[in-house]
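In what follows, every heavy atom counts, from backbone to side chain, and hydrogens, waters and symmetry copies are set aside. Naming: A, B, ... by sequence-line order, numbering from 1 per chain. If you're wondering where the values come from, they're calculated on a predicted model, not measured in any experiment.
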Amino acid sequence: MPQHSVWTELARRRYLTSTAPWRSGAYLLGGALLGALTLVVGLALTAVGAALTLVLVGLPLLAALPLTGIPVAALERRRLLLVDPAPAPSPHRTPKAPGIPAWFRLRLKEQATWRELAYTVLFALVLWLLDLTVLACTVAFPALLVAAPAHLAAVGGPGNGIRPAKLWLVDAYPAAGATALLGLALLLVLAHPLGAYAAARAVFARLLLSPRDSELAAGLAEVTRSRARLVDAFEAERRRIERDLHDGAQQRLVALTMSLGLARLDAAPGSALADRLATAHDEAGRVLAELRELIHGIHPQVLADYGLAAAIEDVADRCPVPVETAGVRLPRLPETVESAGYFAVREALANVGKHSGATRVRITAAHTDGALRVDVCDDGRGGADPDRGTGLTGLADRLAVLDGTLTVTSPQGGPTTLSVEIPCEPQAQSAREA
Amino acid sequence: MRTPSPVRPRSLRVVLAEDSVLLREGLIGVLGRFGHETVAAVGDADALRDAVSAYEPDIVVTDVRMPPGFQDEGLRAAVALRAERPTLPVLVLSQYVQRSYAAELLDTGDGTGVGYLLKDRVGQVEQFVEGLVRVAEGGTVVDPEVVRQLLRRRRDPLGLLTPREREVLALVAEGRSNAAIADELVISEAAVGKHIGNVLGKLNLPPAAGTHRRVLAVLAYLRG
C-alpha cells in the first residue's frame, strides 16, 4: 500500500526514485484500457438495446443503461487508490428493503448514480483518449528513443538506418546511444508532467465519484440511527432475558423450595433424611437468592413500575456506603432515559464502593431546562480516570446514543462528582398514576 | 418444630392470585397442609377483584407481577382492594426486595393487616404460614430482606437509634409481638417495651388515640 499520494510525492525531491511515477503510469494505462473497453461495451449495449426495442425486450435494457455508471465508478474508485491512498467510499446508500426493485428505485433516485453516469460517458468518450495521449507523449515517445540501439540492432546493424519516433535518421551505434541517452533524459523530465496529470485526473474522478457532504451526513445519520436501534435491541434483549428467567427458572426454583420445605415437615426429626433435606433446602434457597440478584441486575422491575427516582433509592439501599438521596426529585421520563440514568448511577455507586474509600455519597437528580441531570458525589480520595474504567466508557457510549453526556471531576484527594445529562421531555403521566 | 402446630387457632379462607400454575398449586398445597382453605385461586388482577367480591375471604395472597402487563398489576390490585376494604388483610408476595412496593402497601388502610414478603420465603413453609396468620390477625409483616437493606443504609432519624433499638424495630417491622421479640433477643418483655418506647420517642411518635404507633414506626423506617 503506497503511503503518499502522487500529488504529495511530486513536491518531494525523491519523486523520481519513489513508486509515484510508476503508479501514475499504471493508473493512466489502466484508464486507457478500461476507457476503451467501456466505450465498446457501452456502444454494444446501446446498440443491442435499441435493436431489441422493436420487440420490446430492449426497453428494460435501455432503462438499465443509466446504471452502467455504477460498476465503472466502483472500479474507478478502486483504481484511485493507486495514485491517492485516501479512501474513496461509495456515495451510494444501502437500500432499506431487500430485493432488486428496491435497489433499482433507490439507485435511480440518487444523485450519485447520475454523477457516475456522467463520469462514465466522459470516460468512454474523452478521458481515456487523454490518458492515452499523455501516456504516449511522456512514456512511449522517450521509450522509443531509449530503444534506438536495440531497434538498430534488430534491423541489422549500422547501415540500415532507423527513424526512432519518426524524427531523425540514425544509422550508427554512437548516434543510437546518444538518442537513447536523450530518451532517458526526456523520460526523467517528463515523469513530472506524467505524475501531475495523473494526480489531476484522480482529483477529477474523485470529485464526481466520491460522496458529497450531504451524502456523508446522510450516511452518518444512518449510523446514528442504527446505533440507537442497536441499543434499543440490546435493551429489549435484556428485558426478554429477565422475563424468561423470572417466568421460568425462578418460579420453578420457588416451587422446588416449597416442595423441599413440605418434605422436611414429613421427615422424621433428626433422621439422616431430614438432614439431607435440610441441606438441599438451604442450597436451593441460596440458588434462589443468587438468581434473584442476577435478575435484578439485568433489569430492575422497580424502574419500569416506579421510575428512575425509586430505582435510585433502590440502588442506594443496596450500596454498602451510606447514600443520601433527599435531592432526587424526578417526573417519569422516557424509558430509555430512565434506563440509562439508572445504569449510570449503578456504575457510579459500584465505583464508589470499589475504589473511592468514601464514607458518604450524595445523589441529586432533577429534570430542568429540558434535560435530566444526575450528580453522584462522594467524599472519597478522588483521582478517578474515566478513560481507564471500561464501565465508564461503556456508559459514555450508552449516553451518547441519547445525546447525553458524562462528566467526571475527580481531583486527587477528592471529592469525586460524576454527572450525567440527557436531554429529554417528561413522560405524560400514565393513566395508572393519574 | 417439624410438625404443624396441633393447636390451630382457625382455618383461614384464602383467595390466592398467582399466574404461575406451578406456584399456585404449590401454594394451595402448603396452605392446605396447615389447614387453611384456598377458596379461589386466580391468575390475574381482574379475576382477583371478582374473587374477593364473591368469596369475602379472610386474607388475600397475591403475586406482584401478573398478566396482562407483567408489571406490578398484583400490587396495584392489592392497593385498590385495601382502598375499598381497609380491613381486608393482604399479603403480597414479590420476586423482588423493593422498598417502594412495601411502602405503598403499608400506606393503605391504617397499615395493619398487610404483609410484603419475598417469594423466596414461601419455601420456608412454616415461617411463611406464620407470617400469613399474623397478617390475617391484623399484624404487619415486612420481609426481613427489606429491613436488612434499610438497616445497612443508616439515615436520620434512624441514626439516633442504638443498635439494640434498631434490632427491636426490625423485629417489629417483621410483625413480631413483644413476647416474640423478647424470646428472639433473649431479654425480658419489659425491656422490649422500654426499647419500643425509646424508638417511638426518638422517631417523634407521641401516643395518640386511633393510630398504630408501631406501624407508624415501621413506616418511618421504610421511608427513611
* Identify which of B:Ser20, B:Gly29, B:Gly69 forms the greatest number of heavy-atom pairs closer than 4.5 Å to chain A. => B:Ser20
* Proximity breakdown for B:Glu18 and chain A, heavy-atom pairs closer than 4.5 Å -> side chain
* Asked: For A:His246, is it the side chain, the backbone, both or neither that has a heavy atom under 4.5 Å from a heavy atom of chain B?
  -> both
* Structure fact -> Taking every heavy atom of A:Val302 against every heavy atom of B:Ser100, the minimum-distance pair comes out as CG2-OG, 3.8 Å
* Ionic contact status for B:Arg65 with A:Glu242, cut-off 4.0 Å -> yes
* **side-chain contact (heavy atoms from CB on, under 4.5 Å) between A:Leu265 and B:Glu126, intermediate numbers included** => CA-CA 9 Å; A:Leu265 293 179; B:Glu126 282 165 292; 3.7 Å; yes
* Asked: Is atom CD of A:Glu235 surrounded by more than 12 heavy atoms (other residues, nucleotides or ligands) closer than 6.0 Å?
  -> yes
* To do: Start with the C-alpha distance between B:Glu104 and A:Tyr306, add both sets of side-chain angles, then the distance that settles side-chain contact (heavy atoms from CB on, under 4.5 Å), and finish with yes or no.
  => CA-CA 11 Å; B:Glu104 182 154 354; A:Tyr306 289 91; 2.4 Å; yes
* Separation between CG of A:Leu256 and CG of B:Leu22, rounded to the nearest 0.5 Å -> 9.5 Å
* Asked: CZ of B:Arg85: more than 12 outside heavy atoms within 6.0 angstrom?
  -> yes
* Under 4.5 Å between any side-chain heavy atoms of A:Asp266 and B:Arg33, yes or no? -> yes
* Asked: Among A:Arg243, A:His281, A:His296, A:Arg252, which residue forms the greatest number of heavy-atom pairs with chain B at distances under 4.5 Å?
  -> A:His281
* To do: Pick one of side chain, backbone, both or neither for B:Leu75, based on which atoms fall under 4.5 Å of a heavy atom in chain A.
  => side chain
* Would you mind checking which part of A:Leu262 comes under 4.5 Å of any heavy atom in chain B, side chain (CB onward), backbone (N, CA, C, O), both or neither? => both
* Asked: Where does B:Tyr101 contact chain A at under 4.5 Å (heavy atoms): side chain, backbone, both or neither?
  -> both
* Asked: Charged N to carboxylate O below 4.0 Å: is that the case for B:Asp120 and A:Arg286?
  -> no
* A:Arg276 atom CZ, over 12 foreign heavy atoms within 6.0 Å -> no
* Please step through side-chain contact (heavy atoms from CB on, under 4.5 Å) for the pair A:Gln251 and B:Lys119, ending with a clear verdict. => CA-CA 9 Å; A:Gln251 308 281 10; B:Lys119 239 183 200 176; 3.4 Å; yes
* Is A:Met258 close to B:Leu23 at the side-chain level, that is, under 4.5 Å between some pair of heavy atoms? -> yes
* Quick one: do the A:Gln250 and B:Gln95 side chains pair a donor with an acceptor below 3.5 Å? -> yes
* To do: Grab the two heavy atoms, one from A:Gln301 and one from B:Phe70, that are nearest each other, plus how far apart they are.
  => NE2-O, 3.5 Å
